[in-house]
Chemist: 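Structure in structure tokens, see below.
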Amino acid sequence: NRKFTLSLSNDYNLTESELAREVSAFTGTCEQIVTTLYTNGSLRNGMSMKEKAHVLYVYMAYNTKYDTSYPYYTGYDAAVRHTAVCQGYTAMYNYLCNLAGVPMEAMTGAADGVRHSWSRIYYNGSWYNVDTTWSDPIPDKANYCDEIWFWVSDSYLKTCSYPRTFDSDTLVYG
């Protein structure tokens, strides 16, 4: 019974009824995913936030495909169509995490000079980053998840083989 705010923008010129339908489909799909993961025992109440975040990280890699044609940008696209670019992966993953009690946020910046978004959390006094997009290879591999991009530090992302820049450098906060 957590409360949080879902921020929306209508950059796709959807009618109010289309937007309401997509929001309902997105939230309903995400709620069903989390409920199913609790029901089947993949998620459990006694798990740490990191453990819950990891279950959802793997879920995203197994159930979402990167959109190489680039029309799918939203959490709706990731949840309902099972395909999106980084923005959609991040939106869906963050919503799933928040439903499961993991206060994940979005970060934007660039990876090796290309605009990108990923997730992050402030946990036990440090910032950790989770990149669900990069956990999922192109072309898609069934039931594969690249673990390298889960729960990594800011300094790792800033110095890895595809270094990141952050639109808001949070190193000063932690």
Side-chain angles (χ1 to χ4, degrees), residues 1-9 22-66 73-109 111 116-136 143-158 160 164 166-174:
N1 291 332
R2 297 190 182 277
K3 285 188 169 190
F4 50 93
T5 303
L6 179 62
S7 298
L8 301 172
S9 64
E22 286 195 8
V23 168
S24 178
F26 170 73
T27 58
T29 299
C30 290
E31 288 167 5
Q32 184 60 50
I33 290 165
V34 170
T35 298
T36 299
L37 291 172
Y38 271 107
T39 300
N40 73 19
S42 297
L43 287 173
R44 296 178 305 284
N45 287 330
M47 293 175 121
S48 70
M49 283 195 273
K50 183 177 180 181
E51 290 169 327
K52 288 178 182 181
H54 186 261
V55 168
L56 296 168
Y57 176 79
V58 173
Y59 179 89
M60 292 294 299
Y62 285 14
N63 294 282
T64 311
K65 182 178 177 182
Y66 189 80
Y73 283 80
T74 68
Y76 168 85
D77 295 322
V80 176
R81 290 189 172 104
H82 306 283
T83 187
V85 298
C86 61
Q87 184 177 330
Y89 273 77
T90 300
M92 180 181 173
Y93 179 71
N94 290 356
Y95 195 77
L96 290 172
C97 282
N98 279 279
L99 285 172
V102 181
M104 203 61 71
E105 301 175 4
M107 174 53 75
T108 58
H116 189 54
S117 68
W118 62 93
S119 303
R120 57 196 332 238
I121 185 170
Y122 192 73
Y123 183 75
N124 285 341
S126 297
W127 282 103
Y128 295 95
N129 299 273
V130 177
D131 193 330
T132 55
T133 308
W134 285 26
S135 72
D136 197 9
N143 299 320
Y144 176 81
C145 179
D146 188 338
E147 296 287 344
I148 290 173
W149 306 105
F150 180 74
W151 215 262
V152 296
S153 68
D154 288 353
S155 60
Y156 175 80
L157 285 185
K158 290 181 177 194
C160 66
R164 309 282 170 98
F166 294 64
D167 285 343
S168 173
D169 190 339
T170 56
L171 286 175
V172 297
Y173 300 115

Chemist: Can you tell me how far apart CG (N40) and OG1 (T35) are? Round to the nearest 0.5 Å.
Modeler: 11.0 Å
Chemist: Check the pair V85 / T133 against side chain to side chain contact (heavy atoms under 4.5 Å, CB included), numbers first and verdict last.
Modeler: CA-CA 7 Å; V85 298; T133 308; over 6 Å; no
Chemist: Mind running side chain to side chain contact (heavy atoms under 4.5 Å, CB included) on Y156 and I148 for me, showing each step along the way?
Modeler: CA-CA 10 Å; Y156 175 80; I148 290 173; 3.3 Å; yes
Chemist: Check whether any side-chain heavy atom of D131 sits under 4.5 Å from a side-chain heavy atom of R164, and report yes or no.
Modeler: yes
Chemist: Stepwise, does the side chain to side chain contact (heavy atoms under 4.5 Å, CB included) test hold for T108 with T90?
Modeler: CA-CA 10 Å; T108 58; T90 300; over 6 Å; no
Chemist: Quick one: closest heavy-atom pair of A53 and M104, and the distance?
Modeler: CB-CE, 4.1 Å
Chemist: Might you point out which heavy atoms bring A25 and Y76 nearest each other, and give the distance in Å?
Modeler: CB-CE1, 3.7 Å
Chemist: Do K52 and C97 have side chains that approach each other closer than 4.5 Å (heavy atoms only, starting at C-beta)?
Modeler: no
Chemist: Has N129 got a side-chain atom pairing as donor or acceptor with R120's backbone, closer than 3.5 angstrom?
Modeler: no
Chemist: What are the two closest heavy atoms between C30 and A79, and how far apart are they?
Modeler: SG-CB, 4.2 Å
Chemist: Check the angle between the aromatic planes of Y95 and F26 and answer parallel, tilted or perpendicular using the 30° and 60° thresholds.
Modeler: tilted
Chemist: Rounded to the nearest 0.5 Å, what's the gap from CG on L37 to CG on L99? Could you check?
Modeler: 11.0 Å
Chemist: Look up atom CG in D167 and atom OG in S117, then write down how far apart they are to the nearest 0.5 Å.
Modeler: 10.0 Å
Chemist: Check whether any side-chain heavy atom of L157 sits under 4.5 Å from a side-chain heavy atom of W149, and report yes or no.
Modeler: yes
Chemist: Can you measure from CE (M92) to CD (Q87) and round to the nearest 0.5 angstrom?
Modeler: 15.0 Å
Chemist: Of all the heavy-atom pairs spanning I121 and M49, show the shortest one and how long it is.
Modeler: CD1-SD, 4.4 Å
Chemist: Got a donor-acceptor contact below 3.5 angstrom from the S135 side chain to the T132 backbone?
Modeler: yes
Chemist: Does W151 reach the side chain of V130, with side-chain heavy atoms less than 4.5 Å apart?
Modeler: yes
Chemist: I need the minimum non-hydrogen distance between Y66 and C86, along with the two atoms involved.
Modeler: CE1-N, 3.8 Å
Chemist: Quick check: do M107 and W127 have side-chain heavy atoms less than 4.5 Å from each other?
Modeler: no
Chemist: How long is the span from the OG atom in S42 to the CD1 atom in I33, to the nearest 0.5 Å?
Modeler: 12.5 Å
Chemist: Heavy-atom distance under 4.5 Å between the side chains of D77 and T74, does that happen here?
Modeler: yes
Chemist: May I ask you to check whether K50 and Y57 show a side-chain donor-acceptor distance below 3.5 Å?
Modeler: no
Chemist: Determine the minimum heavy-atom distance between V55 and M47, stating which atoms define it.
Modeler: CG2-CE, 3.8 Å
Chemist: Give the C-alpha distance, both sets of side-chain angles, the deciding distance and a yes or no for side chain to side chain contact (heavy atoms under 4.5 Å, CB included) between L56 and Y93.
Modeler: CA-CA 7 Å; L56 296 168; Y93 179 71; 3.7 Å; yes
Chemist: Could you give me the CA-CA distance, side-chain angles and deciding distance for W118 and F166, then say whether ring pair (Phe, Tyr, Trp, His ring centres under 6.0 Å) is met?
Modeler: CA-CA 10 Å; W118 62 93; F166 294 64; 5.3 Å; yes
Chemist: Is the closest side-chain heavy-atom distance between D136 and Y89 below 4.5 Å?
Modeler: yes
Chemist: Is Y122 reaching over with its side chain to a backbone N or O of G125, donor-acceptor style, under 3.5 angstrom?
Modeler: yes
